[in-house]
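No hydrogens, no waters, no symmetry mates; every other heavy atom, side chains included, goes into these values. Protein chains get the first letters and strands the later ones, always in sequence-line order, with residue 1 at the start of each.
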Number of protein chains: 2
Amino acid sequence: MRKIVPFHQPAPARDDHAPQLADLFRLLGDASRLRIVITCLGTPVTVGDIADQLSLSPSLVSHHLRLLRAARVVRATRQGRHVFYVAADEHIRRVIGDMLEHVAEPHDEEDA
Amino acid sequence: MRKIVPFHQPAPARDDHAPQLADLFRLLGDASRLRIVITCLGTPVTVGDIADQLSLSPSLVSHHLRLLRAARVVRATRQGRHVFYVAADEHIRRVIGDMLEHVAEPHDEEDA
DNA sequence: CAAACATATGAATAGATGTTCATATGATCA
DNA sequence: TGATCATATGAACATCTATTCATATGTTTG
């Protein structure tokens, strides 16, 4: 059942995805976790590989991956004793790419 | 001076924007703050308007806006006793849009 | 000028979160 | 089967952060 809300409300009040979206953004809001996601943007990688590449403990990487998996940011595939992780879809890549462009954006002087 | 790093390193290690990016994502990682940003995506809005629309205290809105302004997510313009805020650039809109598409993405069953 | 309005700032605090360490589960190989 | 490797999980803790309340700054109008 969808909550009924007065028609002429601003987007965030009408159909409020804000909490959901915020949860996702928060996941990308930690440097270690973001690096893990970025590492998963290419071909599937192993927990151990991620840990090595980023100089993080396998335990920490695993903890982060659990959250990322739960939020469907990454997908896991078991193969023998290894588990490979990949970014779930292209949108994740775009989100990060767009934010990179935002960072690159030249910043004007402060406003009046 | 740019840190010298072995050439063939994965992207996140070579030229590491991760902390910068993570800081930005973290800002969008709170529902109230994200709603504020979304409210600023259209025409410039007043602190008071934002507070009313989102049922948040002006104080809280102001606190959030300070962070968003510092990170250049929004821009401020004073006009009389009002201060208008707008999203800083189109990238912000895209980041949010892409994340929305990610949420909309149909999710397969779990992997093997 | 004083009063009213709009926004900003600072301190205080309750709750969330990243990381570590120890340990468990699951899988391969001898 | 026992040993070893790869990943996962749970508890504990120090740190961070969103929110509130009180108060300050800045702006207009009477």
Side-chain angles (χ1 to χ4, degrees), chain A residues 12 16 18-40 44-71 73-86 110-112, chain B residues 12 16 18-40 44-71 73-86 110-112:
Chain A
D16 201 357
Q20 235 189 97
L21 285 181
D23 284 345
L24 282 165
F25 282 127
R26 186 177 323 123
L27 282 177
L28 303 183
D30 171 78
S32 302
R33 208 156 43 212
L34 179 59
R35 284 195 190 96
I36 292 175
V37 174
I38 294 176
T39 307
C40 292
V45 265
T46 282
V47 177
D49 287 348
I50 299 174
D52 288 347
Q53 285 190 35
L54 304 180
S55 305
L56 300 174
S57 78
S59 173
L60 179 56
V61 173
S62 188
H63 273 297
H64 282 316
L65 283 172
R66 187 164 61 86
L67 297 175
L68 293 169
R69 201 178 345 126
V73 174
V74 300
R75 275 180 303 121
T77 317
R78 188 137 218 159
Q79 249 173 63
R81 31 187 170 187
H82 299 263
V83 177
F84 290 83
Y85 284 88
V86 206
E110 326 207 338
D111 229 296
Chain B
D16 201 358
Q20 231 188 89
L21 286 181
D23 284 345
L24 283 165
F25 282 126
R26 186 174 323 121
L27 281 177
L28 304 183
D30 172 79
S32 301
R33 206 156 44 214
L34 179 58
R35 284 195 191 96
I36 292 176
V37 174
I38 293 176
T39 307
C40 292
V45 264
T46 283
V47 178
D49 287 348
I50 299 175
D52 288 348
Q53 285 189 34
L54 305 181
S55 304
L56 300 174
S57 78
S59 172
L60 179 56
V61 173
S62 188
H63 274 296
H64 283 316
L65 283 172
R66 188 165 60 85
L67 297 176
L68 293 169
R69 202 182 340 128
V73 174
V74 300
R75 273 179 305 122
T77 316
R78 181 132 225 163
Q79 249 175 63
R81 33 185 168 185
H82 298 264
V83 178
F84 289 82
Y85 284 89
V86 206
E110 323 207 340
D111 229 294

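- Using a 4.5 Å heavy-atom cutoff, the side chains of B:His63 and B:Leu67 are not in contact.
- We find that CG of A:Asp49 is positioned 16 Å from P of D:dC5, with the value rounded to whole Å.
- A distance of 8.5 Å separates CD in B:Gln79 from OG1 in B:Thr46, rounded to the nearest 0.5 Å.
- Taking atom CG on A:Leu65 and atom P on D:dT9, their separation rounds to 11 Å, with Å as the unit.
- A 4.5 Å side-chain heavy-atom check between A:Cys40 and A:Ile50 finds at least one atom pair inside the cut-off.
- One can place CZ of A:Phe25 at 19 Å from C1' of D:dT17, the figure rounded to the nearest angstrom.
- Contact of the B:Leu54 side chain with the B:Val61 side chain is not registered, since no non-hydrogen atoms from C-beta on lie closer than 4.5 Å.
- Atom pair B:Leu28:CG and D:dA18:P shows a separation of 12 Å (rounding to whole Å applied).
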Item to check | Nucleic acid footprint by protein, nucleotides 19-30 of chain C - heavy-atom cut-off 4.0 Å, B for base, S for sugar-phosphate alone | outcome: SBBB----SB--
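- For residues 47-66 of chain B, there are no salt bridge (charged side-chain N to carboxylate O under 4.0 Å, His left out) pairs, not counting sequence neighbours.
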Show me the donor-acceptor pairs, under 3.5 Å and distance only, between side chains in residues 23-33 of chain A and residues at least two apart or in other chains.
| residue | atom | partner | partner atom | Å |
| --- | --- | --- | --- | --- |
| A:Arg26 | NE | B:Gly29 | O | 2.9 |
| A:Arg26 | NH2 | B:Gly29 | O | 3.0 |
| A:Asp30 | OD2 | A:Ser32 | N | 3.2 |
| A:Asp30 | OD2 | A:Arg33 | N | 3.0 |
| A:Arg33 | NE | A:Leu27 | O | 2.8 |
| A:Arg33 | NH2 | A:Arg26 | O | 3.3 |

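- Nucleic acid contact class of A:Phe84 (heavy atoms, under 4.0 Å, all strands): none.
- Each of A:Leu27 and B:Val47 was assigned the nucleotide of DNA chain C with the nearest heavy atom; the assignment lying further toward the 5' end belongs to B:Val47.
- Rounding to whole angstrom units, CZ of residue A:Arg26 and C1' of C:dG15 are separated by 12 Å.
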